[in-house]
Amino acid sequence: MSGLSPRFIPRALLLAAAIAALLFNHPAHAAEPRPNIVLIYADDLGYGDVGCYGATAVKTPNIDRLAAGGIRFTDGHATSATCTPSRYALITGEYPWRKKGTGILPGDAKMIIEPGRTTVASVLKSAGYRTGVVGKWHLGLGADDLNWNGDIKPCPLDIGFDDSFIMAATGDRVPCVYVDGRRVVGLDPKDPIQVSYGKPVGNEPLGRDHPELLKMKYSHGHDQSIVNGISRIGTMTGGRSARWVDEDMADVFTRHATQFIEKNAGQPFFLYFATHDIHVPRVPHPRFVGATTMGPRGDVIAEFDWSVGQVIKTLEAKGLADNTLVIVTSDNGPVIDDGYMDDAVKRLGDHKPAGPYRGGKYSMYEAGTRVPFIVHWPARIKKPAVSDALVCHIDFLASFATLVGAQATIPGDGQVHIAALLGESKTGRDSLVEQGNRLAFRQGPWKYIPGGKGMKRNQTNSELGNDPAPQLFDLSKDPGEQTNLAETNPEMLSAMKAALETIQGPSK
Ligand code: NG6
Ligand code: CA
């Protein structure tokens, strides 16, 4: 086996595990029906932003209830400290930094996951699951020269999703419309949409020229097209009847999520429910305004918790709660000022969005990727617990495939960690590459951040971890990454550096 590069060993192991699962254990419990899988993916929700991870300034009873009845992970990760790469890894099981063009995408980017590729959805679909995506996509849509007024192809329907109701990119990027299947919702053909991330299109006023038209002002970026009194990144013209109302967005997405469950109650289903909450612009429905003392950033956490509650209610009403595997997690760590003046900094009080961890969204430090991570499945998880196993979204594809007995060759960097995910083993991954604006590496208690030369903080004031000197931390004694051991433990430093380079492979 000496000819196998380390990158391919997990693939071989996976295959073996998948075959073993097929032969001996098909599916997880042959006598039991396979579980439905509902993956609730928050946006920018920090480790410390929910009650069961220590928050007191916002109440999250629905998420806390799932944690109390399931497994709550303390070392659960997205692959990356921003959205597009984390979602790319979640869907494909491949580290995003292996592929060019997986950074934060503009709203008119073409789709970065090729049709025909194995995805978490295509694997489950091939195993007989009905698959759906609702919410934030941010993996690009269409090919070059996408026409928003016609059929959008490729889209999630081309990579394994039977149903798709999404926004193209983010709440703060044009086009500010929903896309149902291949079509923009509510579009009047007489008022076609045009979108640009270059030269502005149309002649509607822009935020930077007309701040008096804004109900929420920007603090950085976000100074172009004004939609619903909020200026965004990029410009759009037309499509007036199709434009979303931010205040209603959580209701719209949650309704689609619960309808998907109701419609598919009679068969196994996989729902990827990627909320816009708690990303900017933070615009809760009026019924959540004032839910916390923290202003919009706190109130949209309460709104997110409500969305989780609606999903649980629907599962219960349909008698599906027991045999549905529900996961609640987030695409990257928290950020306070992400470009709008929404009082998040001023009203934060003593709330700690990152919990005990350093950094946040965009950062190489732990809070960049370490996020809330809860797994709930009453039929299988009999002993609710808190688990310190190292787990990551990149393993969902391989793990779900094995769990449901899907016949698939699992590509990429994903590993099967069903036992850890269900709390049946205390051991998860041995190691994990964490992505900020560069790559950091975790192995056992150790964390290695190569020396950088970039800025220390970006406009959001998030600590990026770009110190020129390499950093090494022992997270078992120093979870807050305060004491750099690089100089006192050069052996470990070089071992970590070498291990990261081996996984990275030769640079292309
Ligand atoms: C940044 C945006 C930020 C957010 C982020 C993507 C500016 C100044 N900042 O470029 O507001 O949209 O991209 O966030 O434009 S993510 O969660 O989708 O990765
Ligand atoms: Ca995000």
Side-chain angles (χ1 to χ4, degrees), residues 39-47 49 77-91 96-97 101-109 112 135-141 166-176 197 206-208 216-225 227 230-235 246 249 253 272-283 296-297 300-301 304 328-342 344-345 353-354 359-363 367-373 393 434-437 455 457-462 464:
L39 172 54
I40 306 178
Y41 209 55
D43 197 349
D44 297 358
L45 185 73
Y47 187 93
D49 273 330
H77 291 256
T79 56
S80 313
T82 51
C83 168
T84 301
S86 289
R87 286 162 205 250
Y88 176 86
L90 177 144
I91 302 275
W97 41 266
T102 55
I104 299 170
L105 292 176
D108 63 348
I112 59 173
K136 173 175 172 173
W137 184 238
H138 212 184
L139 292 163
L141 286 176
I166 57 174
M167 66 160 90
T170 61
D172 57 346
R173 281 173 176 76
V174 299
C176 300
Y197 278 77
L206 302 183
R208 59 178 165 238
M216 182 190 281
K217 305 232 182 311
Y218 57 89
S219 56
H220 54 267
H222 306 105
D223 60 358
Q224 295 177 276
S225 278
V227 173
I230 299 167
S231 50
R232 323 269 167 162
I233 309 171
T235 55
D246 303 80
M249 189 178 280
F253 282 146
Y272 168 44
F273 177 23
T275 65
H276 158 68
D277 283 330
I278 66 165
H279 200 276
V280 297
R282 301 164 183 139
V283 190
R297 189 177 183 281
V300 294
I301 298 174
F304 172 68
V328 177
T329 187
S330 171
D331 69 338
N332 53 252
V335 54
I336 318 300
D337 174 359
D338 209 12
Y340 289 98
M341 293 186 199
D342 58 9
V345 177
K361 183 174 181 178
Y362 310 107
S363 174
T369 62
R370 197 188 289 226
V371 286
F373 196 129
H393 307 150
E434 298 178 357
Q435 181 184 32
N437 55 3
M455 54 188 169
R457 292 174 186 265
N458 63 8
Q459 290 160 303
T460 69
N461 204 28
S462 192
L464 301 177

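Whatever order the structure lists ligands and atoms in, that order sets their numbers, starting from 1. Numbers here are sequence positions counted from 1.
Residue contacts with ligand 1: Gln459 is placed with no nitrogen or oxygen under 3.5 Å of a nitrogen or oxygen of the ligand (distance criterion only). Where the criterion is an N or O separation shorter than 3.5 Å, residue side chain and backbone included, His220 fails it with respect to ligand 1. When only interatomic distances are considered, the shortest N/O to N/O separation between Ile104 and ligand 1 does not fall below 3.5 Å. By the 3.5 Å distance cut-off applied to N or O atoms, His222 is counted among the residues near ligand 1. Here's the thing with Arg173: one of its N/O atoms is less than 3.5 angstrom from an N/O atom of ligand 1.
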Checking ring pair (Phe, Tyr, Trp, His ring centres under 6.0 Å) for the pair His276/Phe253: CA distance, chi angles, key distance, verdict?
-> CA-CA 8 Å; His276 158 68; Phe253 282 146; 7.8 Å; no
Determine, step by step, whether Thr369 and Asn332 satisfy the side chain to side chain contact (heavy atoms under 4.5 Å, CB included) criterion, reporting the C-alpha distance in whole Å, the side-chain angles of both residues, the deciding distance to 0.1 Å, and the verdict.
-> CA-CA 5 Å; Thr369 62; Asn332 53 252; over 6 Å; no
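When distances to the Ca ion (ligand 2) are checked against a cut-off of 3.0 Å, Thr170 contributes no N, O or S atom below that limit.
Closest to atom 14 (O) of ligand 1, if we only count protein heavy atoms, is Lys361 NZ, 2.7 Å. In terms of protein heavy-atom proximity, atom 15 (O) of ligand 1 is nearest to Ile233 CD1, 3.3 Å. Among all protein heavy atoms, the one lying closest to atom 19 (O) of ligand 1 is Cys83 N, 2.8 Å. When hydrogens are left out, the protein atom nearest atom 5 (C) of ligand 1 is Tyr362 OH, 3.4 Å; that is the closest non-hydrogen contact.
Side-chain atoms of His77 and Val371, non-hydrogen and from C-beta on, never get closer than 4.5 Å to each other.
Residue contacts with ligand 1: Gly339 is excluded, as none of its non-hydrogen atoms falls under 4.0 Å.
Screening Asp342, Val280, Asp223 against Tyr218 for a side chain to side chain contact (heavy atoms under 4.5 Å, CB included) leaves a single residue, Asp223. Put simply, the residue from Phe373, Tyr88, Tyr272 that forms a ring-ring contact (aromatic ring centres under 6.0 Å, His included) with His393 is Phe373. Checked options Lys136, Lys361, His138; the residue passing with Asp43 is Lys136 (criterion: side-chain hydrogen bond (donor to acceptor under 3.5 Å, both in side chains)).
Rounding to the nearest 0.5 angstrom, the gap separating the OG1 atom in Thr102 from the CZ atom in Arg87 is 14.0 Å.
Salt-bridge annotation for Arg297 and Asp49: present, with a side-chain N of the basic residue lying under 4.0 Å from a carboxylate O of the acidic one. With respect to the salt-bridge test (charged N to carboxylate O, under 4.0 angstrom), the residues Arg232 and Asp172 do not qualify.
Neither the backbone nor the side chain of Tyr218 comes within 4.0 Å of ligand 1, counting heavy atoms alone. With a 4.0 Å cut-off on non-hydrogen atoms, Asp172 touches ligand 1 through its side chain and not its backbone. Using a 4.0 Å cut-off between heavy atoms, Arg87 makes no contact with ligand 1 at all.
For Asn461 and Asp337, the side-chain atoms include no donor-acceptor pair closer than 3.5 Å.
Annotation: angle subtended at the Ca ion (ligand 2) by Asp43 OD1 and Asp331 OD1 is 80°, to 10°.
Those atoms of ligand 1 that come under 4.0 Å of a heavy atom in Asn332, given as number and element, are 17 (O). Using a 4.0 Å cut-off to heavy atoms of Lys136, the atoms of ligand 1 that qualify are 16 (S), 17 (O), 18 (O).
Pairing each heavy atom of Gly107 with each of Pro175, the nearest pair is O-CD, 3.7 Å.
Asp44 contributes atom OD1 as its closest N/O/S atom to the Ca ion (ligand 2).
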